[in-house]
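Whatever order the structure lists ligands and atoms in, that order sets their numbers, starting from 1. Basis for what follows: all heavy atoms, side chains included, without hydrogens, waters or symmetry-related copies. Please read all numbers here as calculations on a predicted model, not as lab measurements.
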Amino acid sequence: MIEPFAAVDLIATKREFGELSTAEINWIIDAYVRGVVADEQMAAMAMAILLNGMQMREIVDWTQAMINSGERLDFSALSASTVDKHSTGGVGDMITLPLAPLVASFGAAVPQLSGRGLGHTGGTLDKLESIPNWQANLTNAQMLQVLKDVGAVICAAGAGLAPADKKLYALRDVTGTIPAIPLIASSIMSKKIAEGTSALVLDVKVGAGAFMKTLEQATLLATTMVEIGNAAGVKTRALLTNMNNPLGRAAGNALEVQQAIEVLNGGGPKDVVDLTVELATQMLDLVGISNVDVAANLNNGKAAAKWEAMIKAQGGDLSQPLATARHTHQLTAGSTGVVTEFDALAVGIAAWRLGAGRSRKEDTVQAAAGVTWNFELGQQVNAGDPIITLHSDDESRFELALDAFKDAVTIEPDAIVKKPDLILGRIGA
Ligand code: URA
C-alpha cells in the first residue's frame, strides 16, 4: 500500500505551529495503529502537540480518528436514555459507586466503563474488586443485559474501545507527554464517546491532588472536552470541583466501598453526599429528568436497592464482610488548634505506598490498604488526638507512608478557616 502522507512532514507541520488537515489526522492515527508510523515518530508528534497546541477542529478530528480505530457501542435497544459521568481523578473519589445506582433509581441508564488506578489516584474497578466475587469483565451482551435489568453497570472497558488511545497513552506515559490538554481531552473523550452514552457529565478536579493544579488549566480542559462531546452529538457538561483536600474520610479500595455503602444508606461524609447529589442532578437534567428530589433516594432505600442489584448482577457477594487490614498505625495531632490544610496528594501517595495502588500495570493491589481520617478542614483538634489511621497487610509499608505525611496536615492555633467551595464552576449548557 502506498501511504498518502509521510509522518515526518506532519511532525514538521506541528513543530512549525501549523494545522493538520482531517485527512492527515485520520491517516496518522490509523498508520500508528498499523505500525507504519513508528513509536519515535508518534512520540515526536505528541511532544510537538504538547509544546505548540492544536486548534479545536484538529482536537475534534483527532478524537474521532481514535474512536474510529475501534468499536462503538450501541445502546439504542434500551428504552431509557443513557448518561455517564467521568472524573479526571482525585483522592478518595469514590463518587461513581453511589452515583451510578442513584441515577439509575430515577429511571436513567448508566453505562459506566471504568479503569484501574495507576499512581496516587485510585481506580473504580480496584475498589469494586474488594467486594468478594465481583467480576469486572463483561461481554458487550452481558453489559447490555445488566443495563436492561438493573439500569446501571460498572465494568472494565474492553480492548476493542479506542485501541489507538491505548497505544498512544502507553507511549505518552514514557515520553513525558501526558500533560497536554489536546491529548488528555481527546484520550478521555474518545473512550466516552465510543462507549455509546447519549449524555455525559465531567467532573474535572482542580488542586493539589488533581491532574490540573489551577482553575485556569482545569477550565481549559473542561471547555475542550465539552466541545468535543457536543461536536460528537453527546450532550456534555462539566463541573470543576475542588481537589486540594481529599474527598470524604477514606482513601483505599475496601475503605472507599464501605464509605459508598454508608452514603447509599443515608449516611456518609457531607462532601461526598453533596457531590454525589450535585452530579446526579446534572446527569438527570441532561436526560430530561428534573424536578425530582435526588437526595431522597439516598435516604429511602431506592439507590441502595439498585446498588445491591448492580453488584449481584456481576457476582458480587455483599453478605460477606469487606477485607480489613492485618495492621493499622495511628497518627496523632502534633499540636492543639484548627486544621487549616490537609494535602490530598500526600494522602493519595500514602494510600498508594500502603498497598492500595500500583506502580506498574501488572502490580496487584491490597483490598484493605489505605488511609482513614476523622476530621475535616476547620475542625479543632487537641495535641495527641488520634486523627489519621494507616491500614496495610504489610507492616513494612508504614515507614514510607509516614514519610508522605510529613507536611500533610497543618494545624494553627486560633485560626478561622473558610470551608473551601466544593463546586468551583460549571461549563456547558
Ligand atoms: N486519563 C485518560 O484517559 N487519558 C489521559 O490522557 C489522561 C487521563
Side-chain angles (χ1 to χ4, degrees), residues 25 29 32-33 39 42-43 45-51 53-54 58-60 62-67 69-70 73 84-91 93 95-96 111-126 136 154-195 197 200-207 209-214 217-229 232 234 236 238 240-241 243 344-345 348 352 357-358 361:
I25 288 172
I29 297 286
Y32 181 51
V33 174
D39 273 345
M42 202 53 160
M45 175 61 92
M47 187 57 85
I49 293 169
L50 181 142
L51 295 173
M54 266 181 154
E58 293 176 287
I59 303 174
V60 168
W62 190 273
T63 310
Q64 193 58 51
M66 292 211 291
I67 296 168
S69 72
L73 302 188
D84 192 9
K85 183 236 21 170
H86 177 83
S87 159
T88 56
V91 177
D93 184 4
I95 300 289
T96 292
Q112 172 90 53
L113 298 188
S114 300
R116 291 191 164 72
L118 191 63
H120 77 275
T121 58
T124 299
L125 300 182
D126 294 327
I154 303 174
C155 61
L161 222 64
D165 176 64
K166 285 200 179 63
K167 190 168 178 191
L168 182 55
Y169 189 88
L171 181 73
R172 288 167 56 211
D173 205 21
V174 294
T175 55
T177 51
I178 291 284
I181 284 180
L183 297 178
I184 297 173
S186 55
S187 167
I188 292 172
M189 293 305 290
S190 64
K191 288 170 285 198
K192 286 287 148 185
I193 296 166
E195 169 200 281
T197 188
L200 177 65
V201 172
L202 298 159
D203 180 3
V204 179
K205 301 285 185 200
V206 191
F211 241 132
M212 297 290 124
K213 305 291 180 203
T214 67
Q217 281 177 322
T219 304
L220 185 56
L221 178 63
T223 308
T224 309
M225 291 197 289
V226 167
E227 286 197 35
I228 296 172
V234 177
T236 309
L240 304 171
T241 71
M243 189 33 74
L345 185 59
W352 172 32
R358 52 173 72 74
K361 278 207 288 287

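Of the N or O atoms in Asp165, none lie within a sub-3.5 Å distance of an N or O in ligand 1. Considering backbone and side-chain atoms together, Tyr169 places no N or O closer than 3.5 Å to any N or O of ligand 1.
For the 3.5 Å distance criterion, the side chains of Thr88 and Lys205 fail to qualify, holding no donor opposite an acceptor.
A salt bridge between Lys167 and Asp165 is absent, with no side-chain N of the basic residue lying under 4.0 Å from a carboxylate O of the acidic one. We find that Lys192 and Asp84 are joined by a salt bridge, their nearest charged nitrogen and carboxylate oxygen being less than 4.0 Å apart.
Within the listing of ligand 1, atoms 7 (C), 8 (C) sit less than 4.0 angstrom from a heavy atom of Phe211. Of all atoms in ligand 1, listed by their number and element, those nearer than 4.0 Å to a heavy atom of Ser187 are 2 (C), 3 (O), 4 (N), 5 (C), 6 (O).
Checking each of Leu50, Ile184, Ile49 against Arg172 for a side chain to side chain contact (heavy atoms under 4.5 Å, CB included) leaves exactly one that passes, namely Ile184. Checked against Thr124 for a side chain to side chain contact (heavy atoms under 4.5 Å, CB included), the options Ile95, Leu113, Thr96 give a single hit: Thr96.
Shortest contact from atom 1 (N) of ligand 1 to any protein heavy atom: Ile188 CG1, 3.8 Å. Ranking protein heavy atoms by distance to atom 3 (O) of ligand 1, first place goes to Lys191 NZ, 2.5 Å.
Taking the side chain as every heavy atom from C-beta outward, Ile29 and Met42 approach each other to under 4.5 Å.
In this structure, Ile184 is part of the shell of residues with a heavy atom less than 4.0 angstrom from ligand 1.
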